[in-house]
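Each remark here refers to the structure printed beneath this line.
Quantities reported herein were computed from a predicted structural model and do not represent experimental measurements. Both backbone and side-chain heavy atoms feed into the values below; hydrogens, waters and symmetry mates do not. In the text below, chain A, chain B and the rest are named by the order of the sequence lines, each starting its count at 1.
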Number of protein chains: 2
Amino acid sequence: MKTRDKILLSSLELFNERGERNITTNHIAAYLAISPGNLYYHFRNKSDIIYEIFLEYEKLVDYYLQIPTDRPLTVDDMAFYLESVFDGLWSYRFFHRELEFLLDSDQRLRRDYRAFTNRCLAAINQIFDGLAEGGVIQPQPEELRSAMSLNVWLVITNWMAFLKTAHGSELSNNLSLVQLKQGIYQVLTLEIPYLTPAYLEPVMALREKYRPELPEARVA
Amino acid sequence: MKTRDKILLSSLELFNERGERNITTNHIAAYLAISPGNLYYHFRNKSDIIYEIFLEYEKLVDYYLQIPTDRPLTVDDMAFYLESVFDGLWSYRFFHRELEFLLDSDQRLRRDYRAFTNRCLAAINQIFDGLAEGGVIQPQPEELRSAMSLNVWLVITNWMAFLKTAHGSELSNNLSLVQLKQGIYQVLTLEIPYLTPAYLEPVMALREKYRPELPEARVA
DNA sequence: GACTACCTAGAGTATATACTCTAATAATAG
DNA sequence: CTATTATTAGAGTATATACTCTAGGTAGTC
């Protein structure tokens with residue numbers, strides 16, 4: 001593998017594992033057993049590395065969120081979109097963690113991420129549209145559907161932070177893909193009241209698959 | 001005012017304004033025109049300052065989220081809780097911004113914040129309970145209500161990050177309390193399907209007060 | 001006035017961080 | 001083989017950061 005790609009891969013791994021804030025360019029170089037000079041030969045600075053990683057993330061999610069408009073959507077479609085989005089979130093999980101700082105430090109990233117968010121929101125809207133066409137959910141006025149889509153996005157992008165901060169034992173802050181996908185349970189919770197009677201049962205069954213095994217204490 | 005209190009106040013102000021990551025203890029001292037030694041006389045380190053600020057935040061929110069259990073809750077109660085929570089979020093807005101790093105760096109904070117989250121979730125649950133008693137929302141099974149409460153929490157705590165990252169112009173990332181309170185619109189969106197017919201109209205009217213004036217583009 | 005507890009200044013330091021520079025080595029093209 | 005280009009090592013640096021240390025001031029009390 002090319003050194004440049006190794007740098008991107010290892011950076012992503014280290015960022016995910018230990019947080020972007022805790023990983024310096026010197027750490028990355030040491031991890032790869034290359035010199036700092038070598039790293040800076042391939043990337044002008046740390047921001048550039050992060051930006052390139054974002055471009056990969058963006059490409060992955062955009063790929064999965066191509067919503068067919070020529071046919072209605074099924075519950076299976078919805079399940080696929082949810083699985084895919086959470087897989088993407090998992091692979092690039094460092095990103096949402098320090099998002100605000102990253103966007104403050106890089107104008108390109110700021111601009112691209114905003115466009116990315118809008119595409120995601122549009123895709124969620126389209127999914128709801130397709131599900132309504134497929135008779136899975138009841139059609140809703142545009143305004144309500146948009147606000148619901150935004151709530152779905154907020155739940156998806158905040159679920160991981162919730163897990164890391166509120167969940168888990170006092171010592172371990174480790175996170176598993178299984179836990180992360182319990183976010184699907186939360187997203188499906190949002191949809192329940194809008195399901196058509198015919199699809200209530202299958203969607204509830206799908207939801208059940210993601211139910212947390214040991215729900216955290218929610219009562220004081 | 002005592003120097004110690006001035007440090008806390010200025011730190012909060014600087015953290016909110018420019019992000020905890022961008023503010024060093026030397027910045028704080030310089031801002032107050034005191035010496036670093038003086039600052040370190042009052043606080044052992046930066047984490048201690050942040051922890052003290054958290055304690056204030058915690059106290060404020062706990063104060064507002066004392067839910068009466070001896071009477072049903074009204075729409076006005078709900079509006080008050082929402083306003084209060086978003087006011088708190090605004091006053092200590094730096095906190096949720098770099099939450100994960102802060103909790104990773106301070107065990108006390110990690111422990112206390114987790115307990116705080118659980119208290120908040122319990123309060124949201126109680127509010128839903130009280131609203132059901134008051135006939136505002138339809139009573140729901142415990143499981144669904146808990147999952148809904150969690151979604152409310154996720155929307156509330158992620159709304160600000162959404163504004164900062166996805167909203168606003170490319171250059172300005174400034175945030176206003178008015179914008180922040182548009183999060184109430186999103187929270188009320190979650191409640192719509194659970195409202196009793198009698199309360200649909202008044203809650204929709206309340207929601208309308210927080211509708212964003214210039215909604216961002218949500219369609220590609 | 002002198003004792004004491006509290007408070008403050010400000011220079012200083014060890015370490016980390018992002019990044020640079022030069023020289024050398026590999027790869028490739030003609 | 002040679003010239004050129006791409007890649008790498010590794011020492012080095014300017015700046016920042018969190019924090020320390022010493023000496024001295026201030027306020028209250030007897």
Item to check | Value in whole Å for how far the P atom of C:dT17 lies from CZ of B:Arg21 | outcome: 11 Å
Next on the checklist: Counting C-beta onward and ignoring hydrogens, is there a side-chain heavy-atom pair between A:Asn151 and B:Asn151 closer than 4.5 Å?
Outcome noted: no
Next on the checklist: Please confirm whether the ring centroid of B:Tyr185 lies under 6.0 Å from the ring centroid of B:Tyr210.
Outcome noted: no
Next on the checklist: With the threshold set at under 4.0 Å for non-hydrogen atoms, list the residues of residues 31-50 of chain A touching DNA chain C in residue-number order.
Outcome noted: A:Pro36, A:Gly37, A:Tyr40, A:Asn45, A:Lys46
Checklist entry - Which of these nucleotides, C:dC7, D:dC19, D:dT8, is closest to any side-chain atom of B:Lys2? => result C:dC7
Checklist entry - Nearest-Å distance, CG (A:Asn26) to C1' (C:dT15)? => result 13 Å
Next on the checklist: What verdict does the side chain to side chain contact (heavy atoms under 4.5 Å, CB included) test give for B:Tyr57 and B:His96, after you've listed the backbone C-alpha separation in whole Å, the side-chain angles of each residue and the deciding distance to 0.1 Å?
Outcome noted: CA-CA 11 Å; B:Tyr57 175 46; B:His96 286 273; 2.9 Å; yes
Checklist outcome for this item: To the nearest angstrom, the CD1-P distance between A:Ile7 and D:dT7 comes to 11 Å
Item to check | Six-ring centre of A:Phe101, B:Arg21 cation under 6.0 angstrom, axis tolerance 45° | outcome: yes
Checklist entry - Should the ring pair B:Phe80 and B:Tyr64 be called parallel, tilted or perpendicular, given that the plane angle runs from 0 to 90° and is split at 30 and 60? => result perpendicular
Checklist entry - Would you call the rings of B:Phe95 and B:Phe54 parallel, tilted or perpendicular, where under 30° means parallel and over 60° means perpendicular? => result parallel
Next on the checklist: Within this structure, what is the CD-CG distance for the pair A:Gln126 and A:Leu121, rounded to the nearest 0.5 Å?
Outcome noted: 11.5 Å
Checklist entry - Distance only, no hydrogens: is a donor on one side chain within 3.5 Å (strictly under) of an acceptor on the other, for B:Arg207 and B:Thr189? => result yes
Atom pairs under 3.5 Å: protein N/O with N/O of nucleotides 23-27 of chain D:
none

Next on the checklist: On the nucleotide C:dC19, are OP1 or OP2 found under 4.0 Å from the side-chain N or O atoms that A:Thr25 carries?
Outcome noted: no
Checklist entry - Just how far, in rounded Å, is C1' of C:dC7 from CG of B:Asp5? => result 14 Å
Item to check | Distance in angstrom units between A:Ile28 CD1 and C:dA16 P, rounded | outcome: 17 Å
